[in-house]
Amino acid sequence: MDTMALVSVAAAVSRSRSQLFPRLLLFRKRIVSGVQPTGAIHLGNYLGAIKTWIELQNSYDTLFFIVDLHAITLPYDTQQLSKATRNTAAIYLACGVDTSKASVFVQSHVRAHVELMWLLSSATPIGWLNRMIQFKEKSRKAGDENVGVALLTYPVLMASDILLYQSDLVPVGEDQKQHLELTRELAERVNYLYGGRKWKKLGGRGGAIFKVPEPLIPPAGARVMSLTDGLSKMSKSAPSDQSRINLLDPKDVIANKIKRCKTDSFSGMEFDSPERPECNNLLSIYQLISGKTKEEVAQECQDMNWGTFKTLLTDALVDHLHPIQIRHEEIISDPAYLDGVLGEGATKAAAIADATLSNVYQAMGFLYR
């Protein structure tokens, strides 16, 4: 084959790849996820969710949003909500969410979330909501007079968040599995009630209105527990700030929290001992922060005492979080840049959400506007 022929073949292959690549991107599975802008974003939010997003954005079509509508289901500080929302968005970006790969937006900036929630509410049996464990626990703690209807209907809004974007996969922790199951059941119910031939008779395309999403289980060890109780999850709502490492905690605060965290009287360090939940938690944190394997950490730390290990863990946390804190400060001090990111993200998200919402209105028999 002569040189010109080889060039022609190479050009044809190149064109073929360039035509195929957008198709591959088009058929990427979609993932949606978000964090509430209540309290400080802590190590559990980061290792259990945000850090995983950084890897997912390279292989999936990803939408990450700040779930501010969910933040008002319990009493909250109106003076702090918008500030916390911006702060949470800045943390997403500082942790490595790449806006060329993922859409970052604020939930309330896409009105379709609330509209779809109302439509879904009409198809949600009240019994489904009454069995939600989180509602029972939170309402018991807060008392009937302090609990609004939004806490009961929270799972319907979560279903709206997911189904709006025809999500294929949803990253879920143990405490959200029940809500995702309700989302799946609700998608199947709406598809049965309004989809298929019924929708087609109304001028729609027919078939399923919603994709039924699958759970994406986070990697083992990504569930971070409290520094004061190795059997309880690290939480924003825990009354003591000593129980968590916040992503923006300064070096001396991190050192003090690790120094004072709950330990045990056993010698050496080991994973997976039922008698040593705090030891397992702190070793797991070190493993996730350092990027080492479980075996490497077990070998490195097996003969350490608590004092030596706490110094090692503190240094690893400070080294890992410092670049995030620097980048966060740069982003939060440039409001025009942050507003631009959120505006662009909301525009992209709304294009997907509005298409889904139009289909639902049509399938449910509403007058077309």
Stepwise side-chain contact (heavy atoms from CB on, under 4.5 Å) test for Cys301 and Leu283: CA-CA 8 Å; Cys301 304; Leu283 282 172; 3.9 Å; yes
Min side-chain heavy-atom separation Lys310-Thr263 under 4.5 Å: yes
Side-chain heavy-atom pair Lys211, Asp168 within 4.5 angstrom cut-off: yes
Salt-bridge contact Asp229-Lys262 (side-chain N to carboxylate O under 4.0 Å): no
Distance (rounded to the nearest 0.5 Å) between Leu312 CG and Tyr286 OH: 4.0 Å
Side chain proximity check, Lys294 to Asp272, heavy atoms < 4.5 angstrom: yes
Considering all heavy atoms, the nearest Ala102-Val97 contact: CB-CG1, 4.1 Å
Sub-4.5 Å side-chain heavy-atom contact between Glu270 and Glu275: no
Leu129 vs Leu182 side-chain heavy atoms within contact, under 4.5 Å: yes
Exercise: do His109 and Asp68 side chains pair donor with acceptor under 3.5 Å: no
Salt bridge (Lys or Arg N to Asp or Glu O under 4.0 Å) between Lys348 and Glu344, worked out: CA-CA 6 Å; Lys348 290 179 180 177; Glu344 182 180 350; 3.3 Å; yes
Heavy-atom neighbours of Lys236 NZ exceed 12 at 6.0 Å: yes
From OH (Tyr60) to CZ (Arg28), nearest 0.5 Å: 10.0 Å
Criterion side chain to side chain donor-acceptor pair (under 3.5 Å) on Asp249 and His42, from CA distance to verdict: CA-CA 9 Å; Asp249 278 346; His42 56 66; over 6 Å; no
Test log, rule side-chain contact (heavy atoms from CB on, under 4.5 Å), inputs Cys279 and Trp306: CA-CA 9 Å; Cys279 182; Trp306 277 112; 3.9 Å; yes
Hydrophobic cluster membership, Tyr92 vs Ile54, 4.5 Å side-chain cutoff: yes
Between Asp241 and Asn246, a side-chain donor and acceptor under 3.5 Å: yes
Any side-chain heavy-atom pair of Ile126 and Leu152 under 4.5 Å: yes
Within-4.5 Å side-chain heavy-atom neighbours: Ile332 and Leu338: yes
Ile324-Val253 co-clustered via ILVMFWY side chain contacts under 4.5 Å: no
Heavy-atom closest pair, residues Met234 and Arg244: CG-CB, 3.5 Å
Heavy-atom side-chain proximity of Met269 to Val297 below 4.5 angstrom: no
Heavy-atom closest contact (Ile66 atom, Ala89 atom, distance): CD1-CB, 3.7 Å
Close aromatic pair by centroid cut-off 6.0 Å: Phe65 and His113: yes
Pairwise distance CZ(Arg276) to CG(Leu282) - rounded to 0.5 angstrom: 10.0 Å
Same cluster (ILVMFWY, side-chain, under 4.5 Å), Ile285 and Phe266: no
Salt bridge (Lys or Arg N to Asp or Glu O under 4.0 Å) assessment of Arg86 paired with Asp339: CA-CA 9 Å; Arg86 296 177 66 82; Asp339 289 344; 2.5 Å; yes
Worked verdict on Asn305 versus Thr308 for side chain to side chain donor-acceptor pair (under 3.5 Å): CA-CA 6 Å; Asn305 58 36; Thr308 304; 2.9 Å; yes
Ion pair Arg131/Glu185, N-O distance below 4.0 Å: yes
Asp319 CG to Thr314 OG1 distance, which is reported to the nearest 0.5 Å: 10.5 Å
Arg205, CZ atom: more than 12 neighbouring heavy atoms under 6.0 Å: yes
Backbone of Val156 reached by a side-chain donor or acceptor of Ser160 within 3.5 Å: no
